[in-house]
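A short write-up of the structure that comes next.
Here the structure is a predicted model, which is why all the values come from computation and not from measurement.
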Amino acid sequence: MEKFTLKKTDPGSDIPYELLLLADETVEAIDQYIFDSDIYLLHHDVQNIAVMALYQNSNTELEIKNIAVIESCRSQGIGTILINQAKEIANENGYTTLAVGTSDTGFQQIKFYEKNGFIKKGVRKDFFIENYAAPIYENGLQMRDMIILTHDLSK
């Protein structure tokens, strides 16, 4: 079994923008949440291969604001490892819901979250239109709405 280590970054540590930008389009967008988030890095050997940023929405809900895996390690179950770690962190800290938002054009991401026990709970209309200066395209379509998915941790 391969050895992975998940480590929460220390306050004041350098922000791993190079990894965070794999899942978010701009540093400006990341800066909207990252300073109020806990950042976790997944290491394999000496390399950071994945990142996850968790943000407290309320006393009961923790949100995955960013989750990304380097390209060479994708489709190997690393994302599921991160999701399971996020669920564990949320449970240990008394949250009852784990939330995540992704683009309405992110068909692969939506399928991934649903495979990991999330269900669609809502839509933030025009999120990508209102929060990004330039249009962003994914799967040949302009990103417009954010799909909110949640996982009930109380079950």
Where is the tightest heavy-atom contact between I34 and A53, given as atom of each residue plus distance? CD1-CB, 3.8 Å

For K120 and I110, run side-chain contact (heavy atoms from CB on, under 4.5 Å): C-alpha distance rounded to whole Å, both residues' side-chain angles, the deciding distance at 0.1 Å, then the answer. CA-CA 9 Å; K120 292 177 187 167; I110 292 168; 3.5 Å; yes

pair I70-L19: side-chain heavy atoms closer than 4.5 Å: yes

Looking only at heavy atoms, which two atoms of A86 and L54 are closest? And how far apart? CB-CD2, 4.2 Å

Spacing of CG belonging to L22 relative to CD1 belonging to I67, to within rounding of 0.5 Å: 12.0 Å

T105: partners by side chain to side chain donor-acceptor pair (under 3.5 Å), with sequence neighbours left out: S103, E138

Can you run down the ring-ring contact (aromatic ring centres under 6.0 Å, His included) pairs that involve residues 57-116, sequence neighbours left out, and say none if there aren't any? Y113-F118

The test is side-chain contact (heavy atoms from CB on, under 4.5 Å); show your working for L21 and I30 and say whether it passes. CA-CA 8 Å; L21 284 165; I30 293 167; 3.7 Å; yes

Atom pairs and distances, donor-acceptor, side-chain atoms in residues 140-151, under 3.5 Å, two or more places apart:
unit_1: R144; atom_1: NH1; unit_2: D126; atom_2: OD1; d: 3.2
unit_1: D145; atom_1: OD1; unit_2: D126; atom_2: N; d: 2.7
unit_1: D145; atom_1: OD2; unit_2: K125; atom_2: NZ; d: 3.4
unit_1: H151; atom_1: ND1; unit_2: G117; atom_2: O; d: 2.8

Looking at side-chain heavy atoms only, is the closest gap between K7 and L41 below 4.5 Å? no

Give a yes or no on this: more than 12 heavy atoms of other residues, nucleotides or ligands lie within 6.0 Å of atom CD of Q108. no

Listed partners of D24 passing salt bridge (charged side-chain N to carboxylate O under 4.0 Å, His left out), at least two apart: none

Could I get the full list of side chain to side chain contact (heavy atoms under 4.5 Å, CB included) partners for D152, not counting sequence neighbours? S154, K155

Atom pair CG/CG of L42 and N48 - distance to nearest 0.5 Å: 8.5 Å

For Y55 and N66, test the side chains for any donor-to-acceptor distance below 3.5 angstrom and give the result as yes or no. no

Please enumerate all residues that pass side chain to side chain donor-acceptor pair (under 3.5 Å) together with T26, with sequence neighbours excluded. none

Distance col, row L6:CG vs N84:CG, nearest 0.5 angstrom, shows 11.5 Å

Rounded to the nearest 0.5 Å, the OG atom of S37 sits from the CG atom of L62 at a distance of 9.0 Å

Partner residues of N116 under the side chain to side chain donor-acceptor pair (under 3.5 Å) criterion, sequence neighbours left out: T80

Which atom pair, heavy atoms only, marks the closest approach of A68 to L82? O-CD1, 4.3 Å

Contacts of K121 that satisfy salt bridge (charged side-chain N to carboxylate O under 4.0 Å, His left out) - sequence neighbours left out: none

Indicate the ring-plane relationship of Y132 and F127, choosing parallel, tilted or perpendicular according to the 30° and 60° boundaries. perpendicular

At their closest point, which heavy atom of C73 faces which heavy atom of I78, and how far apart are they? O-CG1, 3.5 Å

Find out if a path of hydrophobic residues (ILVMFWY) with successive side-chain heavy-atom gaps under 4.5 Å connects I119 to I83. no

Please answer: with hydrophobic residues joined when any side-chain heavy atoms are less than 4.5 Å apart, are I39 and V27 in the same cluster? yes

Looking at CG of L98 and CD1 of I89, how far apart are the two atoms once the value is rounded to the nearest 0.5 Å? 9.5 Å

Sub-4.5 Å side-chain heavy-atom contact between L153 and T97: no

Does any pair with a residue in residues 68-90 pass salt bridge (Lys or Arg N to Asp or Glu O under 4.0 Å), and if so which ones, sequence neighbours excluded? none

Atom pair CG/CD of N131 and E25 - distance to nearest 0.5 Å: 11.5 Å

Those residues that, when tested against Y137, pass ring pair (Phe, Tyr, Trp, His ring centres under 6.0 Å) (two or more places apart): none

Set of residues satisfying side chain to side chain contact (heavy atoms under 4.5 Å, CB included) with respect to S13, sequence neighbours excluded: T9, D10

Side chain to side chain donor-acceptor pair (under 3.5 Å) involving N57 - partner list, sequence neighbours excluded: E61, E63

Above 12 or not: heavy atoms from other molecules or residues under 6.0 Å from CG of N59? no

